[in-house]
Amino acid sequence: MASLNGNGKVSQRLEALDNDPLRRAWRGNKEGTIELKTVPSFNSPYEEREWIKAHMAAALRYWGKMGFGEGIAGHITVRDPVLPDHYWMNPFEEHFSTITKSMLVLVGPDGYVSPEGAQAPINAAGFYIHSAIHKARPEIKAAAHCHSIYGKAWSVFGRPIDMLVQDSCLFYENQSVYKSFGGVVLSHEEGANIASALGPKSKACILQNHGLLTLGDTVDEAVYLFGALDRLCHVQLMVEAAAANNIPKTIISKEDAEFTANSIKESRRNYIKLEYKLLLQETQGAFLQ
């Protein structure tokens with residue numbers, strides 16, 4: 001339902017919508033027999049572990065497809081459901097595009113490679129960043145960070161993205177900025193500073209002079225948010241270039257940004273596994289090995 005505000009502009013109202021943000025996004029048939037599949041439930045933590053590893057391997061393959069590889073930089077971690085103080089991580093010195101389930105490394109709370117999982121080295125900076133995040137935000141299952149082109153380009157300004165387009169509203173009151181670049185992260189203190197900059201609720205952080213960091217209730221969500229934020233950094237850079245030539249820009253109002261965010265920030269919506277299905281087709285399931 002919509003109404004006119006004092007400026008004659010049509011405004012939509014949340015109270016007229018379904019209480020479930022995900023249910024607003026899709027429609028089935030009149031009989032109610034068509035249902036959208038979301039995050040599955042599991043019979044055991046071991047079953048969930050295998051599901052997580054499959055989706056994590058696909059997520060890393062997707063990063064490779066998107067050209068996010070930058071030498072040895074970049075890491076994704078996902079909390080292990082069997083050993084909740086452990087997390088899975090991509091191995092050091094392996095290209096995102098080659099990752100399979102069996103190559104994933106299980107990292108213990110002490111930061112060392114666990115006997116379970118692949119026996120391969122991990123990125124030290126990744127350990128310091130991700131261990132601090134998993135400690136500070138125990139409700140979060142996954143964290144993703146790499147040095148994507150548009151993310152690191154926008155990061156030099158030390159500014160959050162503006163609410164320029166509908167997709168930007170994914171990050172309405174859902175982003176932070178870490179302005180204290182102190183070189184490559186090689187200490188517990190710097191990792192803790194980044195975790196602190198995220199705060200208690202944000203799922204995205206722009207690390208000044210560094211790149212982007214996103215979190216998720218699933219690895220699918222963390223990686224989706226990362227890609228979305230990188231594309232929005234690209235949009236912002238193009239808009240700023242146009243604005244520098246005296247072309248005015250319009251920022252989405254607080255009211256409209258809040259309305260939109262209420263529907264599109266929902267974690268189950270951002271889980272929708274389009275990239276997983278794409279990689280499954282394109283690789284014929286090679287990442288499941």
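This is a predicted model, so every value here is computed, not measured. Counting from 1, the numbers follow the sequence of the chain as shown. Values below: all heavy atoms of this structure, side chains included; hydrogens, waters and symmetry mates excluded.
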Candidate pair L212 and C205, rule side chain to side chain contact (heavy atoms under 4.5 Å, CB included), full reasoning: CA-CA 6 Å; L212 308 178; C205 189; over 6 Å; no
Between L278 and K65, does the side chain to side chain contact (heavy atoms under 4.5 Å, CB included) criterion hold? Intermediate values first, please. CA-CA 11 Å; L278 173 67; K65 181 181 177 68; 3.7 Å; yes
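At a threshold of 4.0 Å, the pair K265-E258 does not count as salt-bridged, since none of the basic side-chain nitrogens sits closer than that to a carboxylate oxygen. At a threshold of 4.0 Å, the pair R231-D167 does not count as salt-bridged, since none of the basic side-chain nitrogens sits closer than that to a carboxylate oxygen. Look at R24 and E266 and you find no salt bridge, because none of the NZ, NE, NH1 or NH2 atoms lies under 4.0 Å from a carboxylate O. At a threshold of 4.0 Å, the pair K203-D217 counts as salt-bridged, since one of the basic side-chain nitrogens sits closer than that to a carboxylate oxygen. A salt bridge is defined here as a Lys NZ or Arg NE, NH1 or NH2 lying under 4.0 Å from an Asp or Glu carboxylate O, and E139 with R137 meets this definition. The pair D20-R268 meets the salt-bridge criterion, with a side-chain N (NZ, NE, NH1 or NH2) lying under 4.0 Å from an Asp/Glu carboxylate O. Between E282 and K277 no salt bridge is recorded (no basic side-chain N to carboxylate O distance below 4.0 Å).
Using bins of under 30°, 30° to 60° and over 60° for the plane-to-plane angle, the ring pair F68/W63 lands in the perpendicular bin.
Here the side chains of E221 and R269 are not in contact, with every heavy-atom distance at 4.5 Å or above.
M56 approaches V219 most closely through the heavy-atom pair N-CG1, 3.8 Å. Scanning all heavy atoms of the two residues, the minimum distance from I252 to C169 falls at CD1-SG, 4.0 Å. Nearest heavy atoms, I161 versus F171: CD1-CD1, 4.0 Å.
Listed by first and then second residue, the ring-ring contact (aromatic ring centres under 6.0 Å, His included) pairs involving residues 199-220 are H145-H210, H147-H210 (not counting sequence neighbours). Applying the ring-ring contact (aromatic ring centres under 6.0 Å, His included) test to pairs two or more places apart or on separate chains, those with a residue in residues 230-255 are Y150-H234.
Within a 6.0 Å sphere centred on NZ of K249, other residues, nucleotides and ligands contribute more than 12 heavy atoms.
Under the 4.5 angstrom side-chain criterion for Ile, Leu, Val, Met, Phe, Trp and Tyr, the cluster partners of Y178 are Y87, M89, V105, V107, V113, I122, F127, Y128, I129, I133, I140, V185, I194, L198, L207, L213, L215.
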